[in-house]
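In listed order, ligands and their atoms are each counted from 1.
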Amino acid sequence: MKSIIVGTAGHIDHGKTALVKALTGIDADRLAEEKRRGITIDLGFAHMHLTAPNGEVVRVGFVDVPGHERFVRNMLAGVGGIDIVLLVIAADEAIKPQTREHFEILQLLNLKHGITVLTKSDLVDSETLEVVRLEVEDFLQGTFLESPKAPMLAVSSLTGSGLDDLKRALAEMAARSQPRDSAAIARLPIDRVFTMKGFGTVVTGTLVAGTVHPEDELEVFPTGRRVRVRGIQVHGQSADAALAGERTALNLAAVSTSDLARGMTLAPPSTFEIARRVDVRLRLLPSAPRPLKHRARVHFHSYTMETVAEVALHDAGQLSPGAEAWARLKLPQAALLLPGDRFIIRQFSPVITIGGGLVLDAAPITRMPGVRDFLKILAEGTPDAILRARIARRHRQGISMAKLVAETSWTRRAIEAELVQTVRSGEVVRVDDLFLHSPALQELKSYLINVLSDFHSRNPLATGVGKEELRVLVDAPPEVFGAAVAQLLLEKKLEVLGDVVRLPGRGVVLKDEEAESKKKIEDAFAAAGVQVPALQEVLGGLRIDKTRAQKIVTLLLRDKVLIKISDELVFHCSALEEVRRQIAAYKKKSLQIDVAHFKELIGVTRKYAIPLLEYLDRQRVTRRVGDIREIL
Ligand SMILES: Nc1nc2c(ncn2[C@@H]2O[C@H](COP(=O)(O)OP(=O)(O)OP(=O)(O)O)[C@@H](O)[C@H]2O)c(=O)[nH]1
Ligand SMILES: [Mg+2]
């Protein structure tokens, strides 16, 4: 059965709650204080079935909002999920301040369907009613409630006159309205939290997308807590599932009421990410009292959530009343916001509604060049253009499917389908789980060649660059780096030798006996410690000729495996490290050392001690003062 949500809107005392009761038989004012004061304070709910002219039965959930100017924030928590509005205007009072404010909010939320209801028709004569009708028609001109597109009906909740016409109009509109997507990823902005005897924690809300089943695990945003759905009620009836567009009550396990609040959102676990920065299209109402300045702070409302936000304008220094701009909102606390979400902003003081807009990107990149063009695509582009833009902006980092889901809120399936053509055309390549913009891969490949060529010219004796070192150098994720190297390999633009990458024909390659000799030299010096052998002696014992041996020594010196401390003396790096360690330990006993003590400490003759001390002086481990060394 199709479900739609109908919201009320309008000035205080204009008969919204009375109308909902006259239609459904349910009194939506549920608080004692509401009954006592005779006004609505918080959201109220009711439901009914309507039969459309085509025979289709539609389940209608009502969200009744308060008209009092002090409770606009409660009204805002209710209207986010509605499909159709009943704009309630009392015939004996006509248009009042909250008629305007509520209506402006509905337009900012981009609501498309509604009926204007002139209530309390029993209190005025037909001439007055006609005058009010004209006045209201004038007020609604050029909007989604303009007549004759949207009906305007006079009713009396007291006498019941006009109610049948209203039900008929509502049923017709409900049957025509686009159902919400129950195949989308589920999202329930919470509007009430309470405990029910025998059940425990219950939350309610309008399920704005997707489907929820009993036993589903859900994540609470922004806190990250995991909860399990124990049971579901839709419009007060137990249900096997809650579908998008339904007033939904979830009985939750593993959570207490103090962990939940209005403004939090339930969604499948590990699917979305909360954000403290969102890029938006922002509109300032023509009725806003003054321009909105860059960095202004405002109240921010989206679905049931409410916070403050700082507005950073992407281009203009300020936003004039009636104008629109690209902006980045900074929220003091992270929240779950997704592209397509509508929001309202209100001035700090006095608190009045001044504007609103559309969330475009909840994963913005700091100081991204061309951000306005990017946002324009998000605002106006087709789904596949949006995906291409989101992939392209990640350059060689690429973007995973999971991240694309989190960024767009579209399902994997929808994204796969949208990208088929783009992947086939080669504009986007898929590397393992990453989507990559082709030009970014091409650019990475030529960058790799440049980096390698640069490396070879600066290191003529090296074989090439280690793979991981090169990957970090070009700053690419492993998958993307692997793909680029594989392609270049196929194109014969580079070579891979074990763990080393080089340009063809460049770099030094050690032959087997050279590699063996290299190891011998290294081992000889490592084993000797500070009692180093003469270099020529070690080289003489090798099976290769002198020039090749010399080349290997140069390599070892370059890689700092061997360290030359004087013309004659070469040490293995580990031996010098040991000397440093001993000096550091000696320092605990004395801050100075002379040659005699040094000889004794390290266990070397004067022939080695002097060059070693001079080396330590150069390394600023020691400082020579006369005949002694200070240990630094
Ligand atoms: N005569 C007459 N009185 C009505 C009608 N509808 C509502 N009222 C009366 O108007 C008063 C306000 O009605 P509500 O339905 O509470 O008004 P509301 O718009 O819900 O008010 P808030 O929720 O506080 O904004 C009540 O005393 C109702 O009995 C009507 O059609 N005819
Ligand atoms: Mg009311």
Side-chain angles (χ1 to χ4, degrees), residues 5-48 60-82 84-106 114-133 136 139 145 151-167 169-170 191-192 204 206 247 351-353:
I5 305 290
V6 176
T8 60
H11 198 71
I12 185 167
D13 240 14
H14 276 202
K16 298 179 289 297
T17 307
L19 179 64
V20 170
K21 182 156 190 208
L23 289 169
T24 65
I26 297 171
D27 183 0
D29 280 348
R30 58 204 157 77
L31 306 175
E33 193 188 348
E34 292 179 321
K35 303 258 200 267
R36 191 163 42 79
R37 292 170 66 181
I39 60 165
T40 303
I41 294 169
D42 203 357
L43 303 172
F45 307 97
H47 50 87
M48 72 188 300
V60 183
F62 286 88
V63 177
D64 182 39
V65 306
H68 197 299
E69 65 172 314
R70 280 198 34 222
F71 305 133
V72 172
R73 45 192 292 237
N74 291 342
M75 177 268 182
L76 283 166
V79 286
I82 70 175
I84 293 174
V85 68
L86 298 179
L87 181 64
V88 170
I89 301 170
D92 61 337
E93 285 203 337
I95 295 156
K96 296 294 238 181
Q98 268 63 54
T99 317
R100 294 180 191 280
E101 185 168 13
H102 283 198
F103 189 53
E104 279 175 337
I105 288 168
L106 295 166
I115 298 171
T116 310
V117 187
L118 304 179
T119 49
K120 306 195 186 185
S121 64
D122 58 290
L123 292 182
V124 296
D125 57 31
S126 57
E127 275 158 40
T128 313
L129 190 65
E130 217 32 55
V131 172
V132 172
R133 191 187 285 276
V136 173
F139 170 66
L145 286 185
M152 185 189 306
L153 300 166
V155 306
S156 166
S157 302
L158 197 72
T159 67
S161 104
L163 287 180
D164 286 338
D165 286 345
L166 176 56
K167 284 184 191 173
L170 201 51
D191 53 36
R192 276 194 304 156
T204 68
T206 302
R247 282 296 309 167
V351 184
I352 50 161
T353 303

For ligand 1, which is the ligand I care about here, please tell me if [X] has any N or O atom under 3.5 Å from one of the ligand's N or O atoms.
X    : result
P66  : no
K120 : yes
S121 : no
T17  : yes
G67  : yes
T40  : yes

List every atom of ligand 1 that sits less than 4.0 Å from any heavy atom of [X], numbering the atoms from 1 in the order shown and giving each element.
X    : value
D122 : 1 (N), 2 (C), 30 (C), 31 (O), 32 (N)
S156 : 31 (O)
I39  : 24 (O)
A18  : 6 (N), 7 (C), 15 (O)
I12  : 24 (O), 25 (O)

Tell me if a side-chain donor or acceptor on H14 pairs with a main-chain N or O of I89 at a distance below 3.5 Å.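 Side chain of H14 to backbone of I89: no pair is present.
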Around atom 17 (O) of ligand 1, find the nearest protein heavy atom and jot down its residue, atom name and distance.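 For atom 17 (O) of ligand 1, the nearest protein heavy atom is G15 N, 3.1 Å.
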Strictly inside 4.0 angstrom of atom 2 (C) of ligand 1, do you find any protein heavy atom?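 Given the 4.0 Å limit, the answer for atom 2 (C) of ligand 1 is yes, a protein heavy atom qualifies.
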Protein heavy atom under 4.0 angstrom of atom 14 (P) of ligand 1, is there one?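 Neighbour list for atom 14 (P) of ligand 1 includes protein heavy atoms (cut-off 4.0 Å).
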Rounded to the nearest 10 degrees, what's the angle OG1 of T40 makes with OG1 of T17 at the Mg ion (ligand 2)? Could you check?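 Vertex at the Mg ion (ligand 2): approximately 100°.
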Please state which part of L123 comes within less than 4.0 Å of ligand 1, counting heavy atoms only: side chain, backbone, both or neither.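 Side chain only.
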